Amino acid sequence: MLTLFAGSGPASLGAPAKCGSLRRLRASADAFPSFIPKEVERIKDPFARRLATRIERLPVQLSSSNSCIMSSCVKPLSLSKTSPVVLLHGFDSSCLEWRYVYPLLEEAGLETWAIDILGWGFSDLERLPSCDVATKRDHFYQLWKSHIKRPMILVGPSLGAAVAIDFTVNHPEAVDKLVLIDASVYAEGTGSLTKLPRAVAYAGVYVLKSIPLRFYANVLACKSISFSRSSDWTNVGRLHCLYPWWDDATVDFMISGGYNVSSQIQQVKKKTLIIWGEDDQIISNKLAVRLHCEMPNAIIRQIPDCGHLPHVEKPHSVSKLIMEFVQENSYEELHFSSRY
């Protein structure tokens with residue numbers, strides 16, 4: 001639940017040698033899509049505001065119904081010859097989680113997508129489908145099949161790592177490589193929450209979107225964070241919760257059982273990069289080592305002085321690791337071509 005948030009830029013983004021593209025984002029006028037909640041205007045962080053202007057909705061037809069869901073994402077400005085990088089988000093979050101990393105990957109020439117998982121983010125769910133794991137997977141697959149269309153480097157932070165593993169096992173043809181960040185992959189779904197009476201479940205999700213809880217989660221998830229920054233992150237992290245269907249979608253996910261992927265981990269044969277914040281107070285580093293041992297084709301990199309949100313706290317470090325991981329493909333293809 002704690003990769004919900006991203007907001008005001010971390011101090012590392014102020015480095016003049018590295019952040020030209022990020023500084024240029026401030027110069028653009030903000031023109032938000034009409035479907036974004038009007039409370040977006042309260043957000044101060046220029047990177048969050050800029051990425052919000054890029055969000056659009058694409059039609060996605062679920063295989064289980066005749067309904068077409070207008071599904072939110074950030075699309076790349078241009079295509080590339082390398083595998084597309086597709087960024088998922090954590091539990092009850094949105095594509096805005098990637099406001100710092102996204103422009104760095106894009107500046108590096110990578111075809112980058114930031115996708116909202118069904119039930120969260122800024123998709124139009126007025127006609128609400130089921131938001132269980134199977135439907136989330138089908139929605140993502142249909143989006144990939146209709147719009148991305150090529151094997152991807154799939155990036156999942158926290159619960160997004162469970163989404164990525166579940167998707168890869170079920171649709172290996174759609175995935176080239178995996179990047180898992182502070183992965184929440186050993187939880188047994190939503191556990192006892194599946195047995196809650198609906199009235200109690202709705203009371204719980206009311207608390208989940210509350211300002212005090214979101215503020216506290218920011219403090220807990222990050223190595224260090226100021227009061228003003230956490231306040232802004234709270235506004236970003238709960239923006240998608242302001243849709244009228246958010247409560248129903250979240251309750252549906254909770255009572256459906258959620259993600260339980262521990263038995264699937266060893267089935268993943270794709271090359272995998274595991275990234276972990278050394279000071280993660282949410283998920284123990286011991287689980288990073290366990291995950292590395294259980295994945296047959298994985299490497300692990302730890303980021304010092306960083307908590308549960310490396311892509312928020314240390315965007316340059318995460319971007320560099322992802323870029324190097326992507327470029328391995330190009331080197332391998334070049335080496336293969338040179339031999340024949």
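Because the structure is predicted, anything quoted here is derived from the model rather than measured.
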List the atom pairs, with distances to 0.1 Å, where a side-chain N or O of residues 116-126 and a protein N or O form a donor-acceptor pair under 3.5 Å, not counting sequence neighbours.
from: Asp116; atom 1: OD1; to: Cys95; atom 2: N; distance (Å): 2.6
from: Asp116; atom 1: OD2; to: Ser72; atom 2: OG; distance (Å): 2.5
from: Asp116; atom 1: OD2; to: Phe122; atom 2: N; distance (Å): 3.0
from: Ser123; atom 1: OG; to: Ser72; atom 2: N; distance (Å): 2.9
from: Ser123; atom 1: OG; to: Ser72; atom 2: OG; distance (Å): 3.2
from: Asp124; atom 1: OD1; to: Glu126; atom 2: N; distance (Å): 3.2

Other residues, nucleotides and ligands only: do more than 12 of their heavy atoms fall within 6.0 Å of CD on Glu278? yes

Under the criterion side-chain contact (heavy atoms from CB on, under 4.5 Å), I'd like the reasoning laid out for Ile36 against Leu239: C-alpha separation, chi angles, the key distance, then a yes or no. CA-CA 8 Å; Ile36 299 292; Leu239 184 63; 4.0 Å; yes

Taking everything shown except Phe35 itself, do over 12 heavy atoms lie less than 6.0 Å from its CZ? yes

Is it the case that atom NZ in Lys320 sees more than 12 heavy atoms from other parts of the structure closer than 6.0 Å? no

Any donor-acceptor N/O pair, Arg238 side chain to Ser210 backbone, under 3.5 Å: no

Locate the shortest heavy-atom distance separating Trp113 from Lys75; write the atom from each residue and the value. CZ3-CG, 3.6 Å

Closest heavy-atom pair, Leu154 versus Phe140, reported as atoms and distance to 0.1 Å, is CD1-CZ, 3.7 Å

Please tell me whether His89 and Trp98 form a close aromatic pair, meaning their ring centres lie under 6.0 Å apart. no

Does either side chain, that of Ser83 or that of Asp176, offer a donor lying less than 3.5 Å from an acceptor on the other one? yes

Run the salt-bridge test on Asp232 and Lys44 with the 4.0 Å N-O cut-off and return the result as yes or no. no

Taking C-beta and beyond as the side chain, do Lys177 and Lys270 meet within less than 4.5 Å on heavy atoms? no

Do the two ring centres, one from Tyr243 and one from Trp246, sit under 6.0 Å apart? no

Taking the six-membered ring of Phe253 (Phe, Tyr or Trp), confirm whether the NZ or CZ of Lys136 is under 6.0 Å from its centre and within 45° of its axis. yes

Yes or no on ring-ring contact (aromatic ring centres under 6.0 Å, His included) for Tyr102 and Phe47, after CA distance, side-chain angles and deciding distance? CA-CA 10 Å; Tyr102 191 98; Phe47 310 118; over 10 Å; no

So, Tyr202 versus Asp248: side-chain donor-acceptor pair below 3.5 Å or not? yes

Can you find a pair of side-chain heavy atoms, one from Leu180 and one from Met295, that are under 4.5 Å apart? yes

Polar side chain donor-acceptor pair, Gln302 to Asn285, under 3.5 angstrom: yes

Check whether Tyr186 forms a cation-pi arrangement with Arg290 (NZ or CZ under 6.0 Å from the six-membered ring centre, at most 45° off the ring normal). yes

Using the side chain to side chain donor-acceptor pair (under 3.5 Å) rule, pick out the option among His139, Arg57, Gln142 that qualifies with Ser71. His139

Using a strict threshold of under 4.0 Å (side-chain N to carboxylate O), is an ion pair present between Arg49 and Glu41? yes

Mind checking the CD1-CG spacing from Ile255 to Leu196? Nearest 0.5 Å is all I need. 9.5 Å

Treat each ILVMFWY residue as a node, draw an edge where side-chain heavy atoms are under 4.5 Å apart, and state whether Ile153 and Ile299 are in one component. yes

Taking atom types as modelled and ignoring hydrogens, do the side chains of His308 and Gln281 form a donor-acceptor contact shorter than 3.5 angstrom? no

Out of curiosity, Asp166 CG to Gln264 CD, how far, rounded to the nearest 0.5 Å? 5.0 Å

Do NZ/NE/NH1/NH2 and the carboxylate oxygens of Arg150 and Glu111 come within less than 4.0 Å? yes

In terms of side-chain heavy atoms, does Thr135 have a donor or acceptor partner in Asp138 at a distance below 3.5 Å? no

Stepwise salt bridge (Lys or Arg N to Asp or Glu O under 4.0 Å) test for Asp92 and Lys209: CA-CA 9 Å; Asp92 191 25; Lys209 70 177 176 182; over 6 Å; no

Salt-bridge contact Glu173-Lys145 (side-chain N to carboxylate O under 4.0 Å): no

